[in-house]
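Have a look at the structure below before the remarks.
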Amino acid sequence: MYINKRVLIKLSGEALAAGKGFGMDDEAINEIAKTLKEVHELGVEIGIVVGGGNFWRGRNTEDMDRTVSDNIGMLGTVMNALRVQSALESLGLETRVQTAIQMNEVAEPFIVRKAIRHLEKKRIVIFAAGTGHPYFSTDTTAALRALEIGASAILLGKTGTDAIYDKDPNKYNDAVKYDKLSYREILSNNLQVMDSSAVSLCQSNNMPLVVFGIDDPYNLVRVVKGEKIGTYVGGQ
Ligand code: UDP
């Protein structure tokens with residue numbers, strides 16, 4: 001079983017906005033929080049990387065310095081992290097937010113040893129502000145944090161789909177679903193799963209990845225329990 005003691009869950013901004021596409025959807029966030037509680041009760045240590053696409057995507061802005069735009073994007077992830085933290089704490093879970101851009105009045109700075117200590121104490125750690133650097137994504141952040149905290153896998157919840165397909169299943173009826181893939185196949189077939197720097201980081205460090213549909217948040221529990229849903233990515 002590839003999922004054991006500790007996992008890194010990537011929650012995209014879109015998952016927090018549900019069907020709205022922008023902002024935060026309280027109902028969706030509370031559903032995700034309830035599911036995270038169930039995963040926590042299974043005894044799994046949880047690190048979360050939150051995205052920010054429900055507020056801002058640095059690469060989508062024109063007429064603006066990319067570094068500034070990406071800084072705005074990273075700050076968006078902090079808002080999401082605080083919202084998820086509050087949903088988890090209202091369910092009685094202990095959590096910490098760590099930011100890659102220091103803002104000590106709001107959250108702890110990212111310190112990997114401290115993060116690991118929190119995880120060992122069964123606190124859920126939410127990693128915000130991406131890598132702290134422009135030109136990266138929160139997918140790359142997820143790969144990096146998963147490696148740093150020694151996670152056994154990255155669980156990547158996708159909106160609008162339930163797995164990896166050879167082409168967009170929302171556009172093509174004959175799209176074929178993959179149960180299992182290698183990172184090499186993702187790169188060589190140009191499959192849009194994570195950006196290529198996240199994929200190569202996972203590939204070169206043998207970090208397993210499970211891609212599943214987060215529109216039904218309970219899938220998170222199913223994946224952790226070992227049900228064969230979504231797509232497993234591993235190996236070379
Ligand atoms: N971002 C960044 N560096 C990072 C992570 C994120 O500059 O290490 C910025 C970037 O502008 C990105 C935005 O934050 O577009 C939101 O993150 P992302 O698009 O990965 O969020 P998601 O699509 O997962 O919601």
Side-chain angles (χ1 to χ4, degrees), residues 7-25 28-29 32-33 36 47-85 87 97-103 106-107 109-112 115 125-149 151 154-161 164 168 186 191-202 207 209-215 217 219-220 230 233:
V7 292
L8 190 291
I9 297 170
K10 163 73 202 294
L11 290 178
S12 66
E14 249 173 55
L16 306 179
K20 290 189 219 159
F22 186 84
M24 300 175 180
D25 183 278
I29 293 170
I32 291 172
L36 287 167
I48 300 173
V49 167
V50 283
N54 53 329
F55 289 122
W56 193 271
R57 282 201 178 92
R59 63 185 178 280
N60 290 352
T61 52
E62 285 167 22
D63 303 328
M64 196 175 166
D65 182 77
R66 174 69 190 265
T67 303
V68 176
S69 187
D70 278 339
N71 285 340
I72 296 173
M74 285 188 277
L75 295 178
T77 72
V78 180
M79 295 196 275
N80 284 334
L82 296 175
R83 181 64 188 87
V84 170
Q85 175 178 45
V97 172
Q98 290 200 341
T99 58
I101 296 172
Q102 287 206 26
M103 44 183 92
V106 173
F110 169 64
I111 299 171
V112 69
V125 183
I126 305 165
F127 299 106
T131 59
H133 300 284
Y135 295 96
F136 286 99
S137 68
T138 53
D139 286 347
T140 303
T141 313
L144 197 57
R145 296 289 180 255
L147 291 164
E148 287 172 299
I149 64 170
I154 299 173
L155 311 187
L156 180 65
K158 286 271 182 195
T159 51
T161 185
I164 305 175
D168 186 348
I186 289 186
L191 299 172
Q192 303 301 309
V193 182
M194 302 194 293
D195 56 89
S196 54
S197 48
V199 172
S200 47
L201 201 52
C202 289
M207 173 58 67
L209 168 77
V210 186
V211 178
F212 63 97
I214 192 84
D215 292 322
N219 280 337
L220 204 46
V233 187

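Remember, predicted model here, so these are calculated numbers, not experimental data. Counting convention: from 1, in listed order, for ligands and their atoms alike. Computed over heavy atoms, backbone and side chain alike; hydrogens, waters and symmetry mates excluded.
- Gly73 C, 3.2 Å is the protein heavy atom nearest to atom 14 (O) of ligand 1.
- Panel note: side chain Asp215, backbone Gly160; a donor-acceptor pair is recorded below 3.5 Å.
- Side-chain contact between Glu148 and Phe110: present, with at least one pair of heavy atoms (C-beta onward) separated by less than 4.5 Å.
- No option in Val97, Val78, Thr99 other than Val97 meets the side chain to side chain contact (heavy atoms under 4.5 Å, CB included) test with Ile126.
- The minimum heavy-atom distance between Gln98 and Ile111, with the atom names listed, is OE1-N, 3.2 Å.
- When Arg57, Lys20, Lys158 are each tested for a salt bridge (Lys or Arg N to Asp or Glu O under 4.0 Å) with Glu14, only one passes: Arg57.
- With values rounded to the nearest 0.5 angstrom, Gln85 atom CD is found 10.0 Å from Ile48 atom CD1.
- Here is the list of ligand 1 atoms found below 4.0 Å of a heavy atom in Gly130: 4 (C), 5 (C), 8 (O).
- From Ile9, atom CD1 reaches atom CG of Leu220 across 4.5 Å, with rounding to the nearest 0.5 Å.
- Those atoms of ligand 1 that come under 4.0 Å of a heavy atom in Trp56, given as number and element, are 13 (C), 16 (C).
- The shortest N/O to N/O separation between Gly51 and ligand 1 does not fall below 3.5 Å.
- Close to ligand 1: Pro134, with a non-hydrogen atom less than 4.0 angstrom away.
- Nearest non-hydrogen protein atom to atom 6 (C) of ligand 1 is Phe136 O, 3.6 Å.
- Nearest-heavy-atom check against atom 11 (O) of ligand 1 across Thr77, Asp70, Val49 picks out Asp70.
- Against a heavy-atom cut-off of under 4.0 Å, Arg59 is close to the following atoms of ligand 1: 15 (O), 19 (O).
- The shortest N or O to N or O distance between Ser69 and ligand 1 is not under 3.5 Å.
- Given atom 21 (O) of ligand 1, the protein heavy atom at minimum distance is Gly52 N, 3.0 Å.
- Side-chain atoms of Asn80 never come within 3.5 Å of backbone atoms of Gly13 as a donor-acceptor pair (strictly under, hydrogens ignored).
- Summary of contacts: the protein heavy atom closest to atom 15 (O) of ligand 1 is Gly58 N, 3.1 Å.
- Of the polar atoms of Ser12, none of the N or O atoms is found under 3.5 Å from an N or O of ligand 1, judged by distance alone.
- Minimum heavy-atom separation, Leu144 to Leu201: N-CD2, 3.9 Å.
- At least one donor-acceptor pair under 3.5 Å links the side chain of Thr77 to the backbone N or O of Ala129.
- Geometrically, ligand 1 and Ala129 share no nitrogen or oxygen pair separated by less than 3.5 Å.
- Close approach of ligand 1 to Gly53 is summarised as follows: ligand atoms under 4.0 Å from at least one heavy atom of the residue are 21 (O), 22 (P), 25 (O).
- Between the OG1 atom in Thr161 and the CG atom in Asp168 there is a gap of 7.5 Å [rounded to 0.5 Å].
- Heavy-atom contacts of Thr131 reach the following atoms of ligand 1: 4 (C), 8 (O) (cutoff under 4.0 Å).
- Polar contact check, Gly13 against ligand 1: a nitrogen or oxygen pair lies under 3.5 Å apart.
- Nearest to atom 5 (C) of ligand 1 among the protein's heavy atoms is Ser137 C, 3.4 Å.
- With a 4.0 Å cut-off on non-hydrogen atoms, His133 touches ligand 1 through its backbone and not its side chain.
- Ligand 1 has an N or O atom lying under 3.5 Å from an N or O atom of Arg57, backbone or side chain.
- Of the protein's heavy atoms, Lys10 NZ, 2.7 Å lies nearest to atom 24 (O) of ligand 1.
- Side-chain atoms of Ser137 and Thr140 form a donor-acceptor pair, as typed in the model, at a separation below 3.5 Å.
- Of the listed options Thr138, Val50, Asn80, Thr67, Thr138 places a heavy atom closest to atom 17 (O) of ligand 1.
- Considering CE of Met79 and CG of Leu16, their distance stands at 11.5 Å, rounded to 0.5 Å.
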